[in-house]
Amino acid sequence: MSDVNNNNVDVLSEYFEVVSGDVYVTFKGVICCSLRGGIKNVLYGKTINMSEMYNEMMDDIIRMMTNGEFFKGEYLDKQGYGRLIRSVSKYTYKKYNISFKWVDKIVNGRIGSYDNDRIYECMIDRVGGTEKIDWMSIYNNVNFVTHNHDILMYIAKEILKNDIYKYFVNRYKLRVSGIQIKIKNSKRQMLARVEPCNYIILDWDGGNRRNLPLSDLVRNKKEWWNKMTNCRLTGRDRIKDYDALLNGRCEVEVLTDVCPIDNNIVLNYTGIDFSVNNQNINECKSHNDTRDDGDKTWSFASIDRIDSTKEYDYDNVEIISHYYNSQVKNCANNSQIGKLYYYQLKKLLSKKINKELVKSMSDDELYKVYDMFSVYFKLFEIISDNSTILHKEMVRRDKKSKLVVKV
């Protein structure tokens, strides 16, 4: 298809007419070079209200975009990829017998390059504002590319409304404050004509700031899991199927909001370091709240193998804090060590000891398991003896306080 140059519109004025703001086009003569099939096209010889056709096209494009229709089925190429401009042209040719690009130029007098942002701009103009389009549905459904700052800001702010950001928005007043444009300036990038990158500017209390591409702004726990299991070198690609991980369980049961070892540590699935000078380890170490409902701190969520001698598998992984997974051995305080001990012991007992299992054990197995837990039993004796001393003193003080009250 050949596009009509806007400079030729005046020359070809006999084919164009504006009535009450609407642009009418008569498809005859040289103007038919814009029609696929020429004189065989159903539009040939007709006078069409292009403004009305444009509005109908835009409504269709917005609906198809929001539903993700342009990136599946017949709109995919042989490699399984969908490209917006090509998909839009294919759709409008099929339904209207002419390309949206040509109609846009005639109705709006567009000039210059034609890209995804041109289509997004038309969508926004049609509905009367960026906020009137469900960009999150589009972003979730398609391979989304845009340099439109209003759209980028809208999507980033919507992402921060997800549950994985709730603690940080409430605690640190995490917010989107703008867009930063970074120009690629290496010789190789300049030769390749790499376009400028748009970075989301995130601010939080204390004057902290981080700039990152929209694609690095994790939307939910599922996306976090996909990123964490994307590397073959770690062996985690064996467990990248999120549905297999959940296995019918609710998401929060498998990927908990707080560390299962320490309820006072919020699991950070965002990938953003909110600590001062990247010293989250010190924040966790100094956090000594023994109450389960005490003041919260945070640590990155991490994938831990339950049995470190075995490979990553769906029944051999759990999500715990990075602090307890890799750092706590060297820097934990006493209460944290106690929490880790309790958690690990509870896991072992639930898997190794119950009435049915014990009854089915051979003599060798029974003695082997007993030896395994003997060290824990000795610890129980120490804890029990000291607990008795503490309890007696608490009872004594309780009685004394009652006597004082009576007096």
Side-chain angles (χ1 to χ4, degrees), residues 159-175 202 204-206 208 217-229 236 239 242 245-276 278-308 312 314-351:
I159 290 175
L160 291 196
K161 294 178 182 178
N162 286 309
D163 288 342
I164 62 173
Y165 293 94
K166 185 176 180 180
Y167 170 81
F168 305 101
V169 170
N170 293 338
R171 182 70 174 265
Y172 301 110
K173 302 297 184 290
L174 177 65
R175 56 201 176 272
L202 295 178
W204 59 92
D205 283 356
N208 295 292
L217 205 55
V218 179
R219 281 168 274 187
N220 47 49
K221 293 176 181 178
K222 182 176 182 179
E223 188 173 4
W224 173 84
W225 182 261
N226 291 338
K227 287 178 179 289
M228 294 292 287
T229 58
R236 292 176 179 172
I239 53 172
Y242 194 66
L245 171 72
L246 297 183
N247 193 25
R249 297 172 292 179
C250 63
E251 183 179 68
V252 73
E253 181 182 349
V254 182
L255 290 89
T256 57
D257 295 330
V258 297
C259 178
I261 300 172
D262 190 339
N263 289 338
N264 292 317
I265 294 182
V266 174
L267 293 183
N268 183 354
Y269 293 95
T270 72
I272 301 171
D273 191 344
F274 296 96
S275 61
V276 178
N278 300 323
Q279 292 297 314
N280 177 245
I281 183 174
N282 290 338
E283 293 179 24
C284 291
K285 180 181 178 180
S286 62
H287 198 75
N288 196 28
D289 199 328
T290 58
R291 300 169 301 157
D292 285 342
D293 60 346
D295 186 42
K296 308 292 183 185
T297 186
W298 66 271
S299 178
F300 289 112
S302 67
I303 302 174
D304 180 37
R305 283 179 294 173
I306 297 172
D307 186 341
S308 59
Y312 284 98
Y314 295 110
D315 60 357
N316 191 41
V317 293
E318 61 181 346
I319 312 302
I320 65 174
S321 65
H322 179 66
Y323 178 69
Y324 273 95
N325 191 11
S326 62
Q327 299 171 329
V328 75
K329 299 172 185 176
N330 300 319
C331 67
N333 57 49
N334 290 337
S335 66
Q336 290 168 341
I337 292 173
K339 289 178 179 180
L340 178 61
Y341 164 77
Y342 172 79
Y343 179 73
Q344 296 288 4
L345 180 59
K346 190 168 77 168
K347 276 200 311 182
L348 284 170
L349 287 172
S350 65
K351 290 190 174 185

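These numbers come from a predicted model, not from an experiment. We use all heavy atoms of the structure for the numbers below, so side chains are in, but hydrogens, waters and symmetry mates are not.
Looking at heavy atoms from C-beta onward, Val169 lies in side-chain contact with Leu174 at the 4.5 angstrom threshold. Contact annotation: the side chain of Ile306 never approaches that of Val317 to less than 4.5 Å [non-hydrogen atoms, C-beta and beyond]. For the pair Asn280/Asn268, no side-chain contact is recorded, criterion being any heavy-atom separation below 4.5 Å from C-beta on.
Of the candidates Glu251, Glu223, Lys222, Glu251 is the only one forming a side chain to side chain donor-acceptor pair (under 3.5 Å) with Tyr242.
Aromatic ring orientation, Tyr172 versus Phe168: parallel (interplanar angle below 30°, classes split at 30° and 60°). Between Trp204 and Phe274, the angle of the ring planes goes over 60°, which puts this pair in the perpendicular group of the 30/60° scheme.
Side chain of Tyr165 to main chain of Val218: a donor-acceptor pair is present (N/O by atom type, distance under 3.5 Å, no hydrogens or angles). Judged by distance alone, the side chain of Asn316 and the main-chain N or O of Asp307 form a donor-acceptor pair under 3.5 Å.
If you take NZ on Lys221 and CG on Leu245, they are separated by 11.5 Å, rounding to the nearest 0.5 Å. With values rounded to the nearest 0.5 angstrom, Glu253 atom CD is found 9.5 Å from Leu246 atom CG. The distance from atom CG of Leu255 to atom CD1 of Ile319, rounded to the nearest 0.5 Å, is 4.5 Å.
Considering every non-hydrogen atom in both Thr229 and Ile303, the closest pair reads CG2-CD1, 4.1 Å.
Side chain to side chain, Tyr314 and Asn247 fail the donor-acceptor criterion of an N or O pair below 3.5 Å.
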